[in-house]
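A note on names: the letters A, B, ... follow the listed sequences, proteins ahead of strands, and every chain is numbered from 1.
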There are 2 protein chains.
Amino acid sequence: MQPTRERPTLEAVARVAGVSRATVSRVVNGSPKVAEPIRAAVQRAVAELGYIPNPAARSLVTQRTDSVALVLPEAAGRVFSDDPFFPSIIHGVSQELDTADKQLVLMMTNTVAGYERVERYTTARHVDGVLFASTHGADPLPGQLARLGIPVVVTGRPLGRSTVPYVDVDHVGGVRAAVRHLLDAGRTRIATIAGPQDMIAGIDRLAGYRAELAGSDRRSIVAVGDFTRESGQQAMRQLLEDDPLLDAVFVASDLMAHGALATLRAMGRRVPEDVAVVGFDDFEISRYSDPPLTTVRQPILDLGRELARQLLRAIAGEEAAPATILPTELVVRASA
Amino acid sequence: MQPTRERPTLEAVARVAGVSRATVSRVVNGSPKVAEPIRAAVQRAVAELGYIPNPAARSLVTQRTDSVALVLPEAAGRVFSDDPFFPSIIHGVSQELDTADKQLVLMMTNTVAGYERVERYTTARHVDGVLFASTHGADPLPGQLARLGIPVVVTGRPLGRSTVPYVDVDHVGGVRAAVRHLLDAGRTRIATIAGPQDMIAGIDRLAGYRAELAGSDRRSIVAVGDFTRESGQQAMRQLLEDDPLLDAVFVASDLMAHGALATLRAMGRRVPEDVAVVGFDDFEISRYSDPPLTTVRQPILDLGRELARQLLRAIAGEEAAPATILPTELVVRASA
DNA sequence: GGTGGCAGTGAGAGCGCTTTCAGTCCGAAG
DNA sequence: CTTCGGACTGAAAGCGCTCTCACTGCCACC
């Protein structure tokens with residue numbers, strides 16, 4: 001429409017303020033070595049012209065972009081159906097980045113092509129650092145970028161030996177508390193619906209279940225799901241078939257727990273009278289299920305924030321902690 | 001760590017290929033006017049050096065950034081608790097942007113400071129265009145940016161007279177179908193839980209309810225919520241108090257509908273025998289409620305995609321459609 | 001055998017900013 | 001009254017890329 005009014009440049013501001021470009025630059029970037037009256041004059045000129053620095057020009061010379069990428073695997077529907085995990089991560093990351101005045105570039109991938117795009121984009125130094133959330137298996141990209149000297153932080157302890165800094169929650173501790181709760185309540189046949197065994201969250205939660213059970217004389221009864229509601233439904237059926245007399249089940253995710261609840265209801269089991277159920281996540285929805293779900297709370301928002309914080313630290317050149325573990329906590333409601 | 005190996009520049013590639021920078025630039029950008037043998041030589045050099053163009057340098061001269069911003073209001077918890085609306089929008093936008101090889105910069109705001117950041121960032125031409133999702137009331141920023149000549153598209157018909165292009169769903173049509181369904185089933189006292197009246201979605205859905213009811217001899221019974229589960233619970237109590245004999249309720253969002261379901265259960269009403277309930281959204285969760293929720297499906301993913309598509313069109317200089325309306329559809333399940 | 005025209009290529013001028021590096025100007029010290 | 005140092009300021013060199021414009025061959029045409 002409008003002939004896009006010329007955006008003022010440093011040059012223009014310098015002219016108006018009667019100083020050199022260098023001085024304006026110093027004022028804009030808050031250098032301390034500018035005399036007060038001149039600083040004021042420049043600021044007046046900046047305000048008058050509505051000057052805003054051109055980010056491209058700036059990053060061309062500074063080699064910084066003041067933005068970071070958050071890479072999410074766009075795994076089969078999981079990402080954004082009704083699983084609030086990624087949204088919370090995004091939210092947390094965004095909050096933290098805001099305070100540092102950095103931009104958030106979101107990248108979702110599943111296809112090989114998309115993967116390559118991420119690689120190109122990040123190695124092109126289009127961003128100052130990269131965050132990876134919830135990668136399956138042993139993803140090589142984080143390590144690869146790290147080796148190129150690009151700051152990287154991932155969620156979840158990496159599988160295999162990787163030296164990439166990560167942030168995770170205390171899966172094992174949370175699960176053990178959950179299973180202990182079940183044991184303390186006198187439950188004798190405690191089953192579990194585990195998560196995918198190519199993700200650290202799935203692996204660790206199963207390990208926690210086994211570890212706590214090992215201290216008792218109960219045997220383990222295991223079915224595996226993929227964190228989705230359907231898989232929880234399915235796995236619960238399996239479990240009931242394997243041991244019709246089970247009286248408790250620890251489910252490795254809230255969504256699967258809700259699936260399990262549905263199956264139990266369909267099979268005529270009362271919760272918690274016949275079967276106690278404990279989940280893992282503490283999603284909002286679990287406060288409203290019937291019955292409300294006892295679950296292990298993991299601080300996902302904080303996970304996102306911590307993730308960003310560590311990356312910012314690395315970008316600033318500080319040594320990032322190689323590992324940060326956030327606490328989990330059992331939230332007791334009606335289901336167990 | 002590693003002394004960040006020098007990234008090769010155009011210059012380096014030109015030297016290796018034995019041509020000028022201009023020619024390399026042409027090859028990299030796919031200009032057709034380069035002789036085949038030279039093109040091949042350049043491509044070989046590019047591959048050999050692992051050359052990736054510096055985006056900052058490029059956008060400094062082209063005035064393009066190949067990225068667009070998506071602005072979300074970080075309204076009181078709503079954004080990312082367990083409401084999959086924004087996640088779906090993001091997902092849709094992201095998909096469409098991917099195919100155009102553009103980057104997605106996510107910006108969340110609620111504070112005035114954040115708002116100003118968005119303004120600075122977007123007017124600094126840090127992005128090629130801006131998408132706004134679900135703004136409350138008559139937000140001035142979209143119009144303001146549009147006036148600066150920056151491509152903008154918003155979700156939801158803007159309140160007030162604004163000329164900003166928008167994408168929305170057919171709220172009224174969907175609601176009318178829902179209410180008609182209730183009427184056809186012989187329900188006589190049909191109430192509604194409306195959404196916030198400072199959002200077009202809230203306004204239009206209430207209008208649809210009134211419009212359809214106007215064709216019958218039924219009177220309207222209205223309570224207002226804010227799209228959250230809690231407000232739905234609350235509003236349902238209100239409604240039951242206002243008219244203990246109501247036998248149906250159209251709820252303007254699925255989350256509120258689930259709240260209403262909880263209240264109805266608590267008050268001893270059977271659904272759908274005593275009270276029929278219809279929601280609006282068709283979130284994943286509504287397939288699993290007890291009973292499964294009859295609801296109006298709105299294609300949120302498509303909304304996001306269309307949003308991005310319109311913006312890309314505008315960025316490409318094509319005339320964007322001033323308004324795009326996506327269809328809604330009644331999905332009948334057990335609750336009505 | 002000129003003259004045009006065209007396809008392909010290269011030189012060079014920036015895009016708007018940061019950052020040395022070399023002053024300039026003063027007050028303090030000798 | 002020099003001399004020095006400190007505190008500022010400005011000139012200018014790029015950062016890596018695109019794109020105009022001029023130029024070189026070459027072929028077609030009269």
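Side-chain contact check for Ile325(B) versus Val169(B): every heavy-atom pair is 4.5 Å or farther apart.
Out of dG10(C), dT18(D), dT19(C), the shortest distance to the side chain of Arg21(B) is found at dT18(D). Residue Arg58(B) places its side chain closer to dT18(D) than to any other of dG16(C), dT18(D), dA11(C). With dT18(D), dA11(C), dT19(C) as the candidates, the nucleotide lying closest to the side chain of Ser20(B) is dA11(C). Proximity note for Thr9(A) (side chain, C-beta onward) versus dG16(C), dT19(C), dC17(D): the nearest is dG16(C). Comparing dC17(C), dT18(D), dG10(C) by their nearest atom to the side chain of Ala22(B) picks out dG10(C).
The nearest whole Å value for the distance from the CZ atom in Arg15(A) to the C1' atom in dG10(D) is 16 Å. Whole-Å rounding puts the Leu10(B) CG to dG16(D) P distance at 10 Å. In this structure, Arg39(B) places its CZ atom 13 Å from C1' of dA7(C), rounding to the nearest Å. Rounded to whole angstrom, the span from the CZ atom of Arg125(B) across to the P atom of dC15(C) amounts to 17 Å. As a whole-Å value, the separation of Glu36(A) CD from dC8(D) P is 10 Å. Rounding to whole angstrom units, CG of residue Leu60(B) and P of dA13(C) are separated by 17 Å. One can place CD of Glu11(A) at 10 Å from P of dA11(D), the figure rounded to the nearest angstrom.
Closest non-hydrogen pair, Ala133(A) versus Ile89(A), comes out as CB-CG2, 4.3 Å. When all heavy atoms of Val164(B) and Ala146(B) are compared, the pair lying nearest together is CG2-CB, 4.3 Å. Heavy atoms only, all atoms of each residue included: Gly304(B) and Val93(B) are closest at O-CG2, 3.4 Å.
Contacts of residues 50-57 of chain A with DNA chain C (heavy atom under 4.0 Å): Tyr51(A), Pro53(A), Asn54(A), Ala57(A). In the region residues 25-35 of chain B, proximity to DNA chain D at under 4.0 angstrom, judged on heavy atoms, holds for Ser25(B), Asn29(B).
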Under 3.5 Å, sequence neighbours excluded: what are the donor-acceptor pairs made by side chains of residues 43-54 of chain B?
{"unit_1": "Asn54(B)", "atom_1": "OD1", "unit_2": "Ala56(B)", "atom_2": "N", "d": "2.7"}
{"unit_1": "Asn54(B)", "atom_1": "OD1", "unit_2": "Ala57(B)", "atom_2": "N", "d": "3.1"}

Extract all donor-acceptor atom pairs below 3.5 Å that involve side chains of residues 25-33 of chain B and protein atoms in other chains or at least two apart in sequence.
{"unit_1": "Ser25(B)", "atom_1": "OG", "unit_2": "Asn29(B)", "atom_2": "ND2", "d": "3.4"}
{"unit_1": "Asn29(B)", "atom_1": "OD1", "unit_2": "Arg58(B)", "atom_2": "NH2", "d": "3.4"}
{"unit_1": "Asn29(B)", "atom_1": "ND2", "unit_2": "Ser25(B)", "atom_2": "O", "d": "2.8"}
{"unit_1": "Ser31(B)", "atom_1": "OG", "unit_2": "Lys33(B)", "atom_2": "N", "d": "3.3"}

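Without hydrogens or angle criteria, Thr123(A) side chain to Glu119(A) main chain gives a donor-acceptor distance under 3.5 Å. A donor-acceptor pair is defined here as one N or O able to donate and one able to accept, closer than 3.5 Å; such a pair exists between the side chain of Asp168(B) and the backbone of Arg157(B). In terms of modelled atom types and a separation under 3.5 Å, the side chain of Thr122(B) and the main chain of Val118(B) share a donor-acceptor contact.
Bending across the helix from dG1(C)-dC30(D) to dG30(C)-dC1(D), expressed as the angle between its end axes from five pairs apiece, amounts to 60° (10° rounding).
Side-chain N/O atoms of Arg305(B) and Gln95(B) include a donor and acceptor closer than 3.5 Å.
For dG10(D), the OP1/OP2 oxygens have a side-chain nitrogen or oxygen of Thr23(A) closer than 4.0 Å.
Taking 4.0 Å as the cut-off between side-chain N and carboxylate O, Asp101(A) and Arg120(B) count as a salt-bridged pair.
Sorted by first then second residue, the salt bridge (charged side-chain N to carboxylate O under 4.0 Å, His left out) pairs that include residues 61-73 of chain B, not counting sequence neighbours, are Arg64(B)-Asp66(B), Asp66(B)-Lys102(B).
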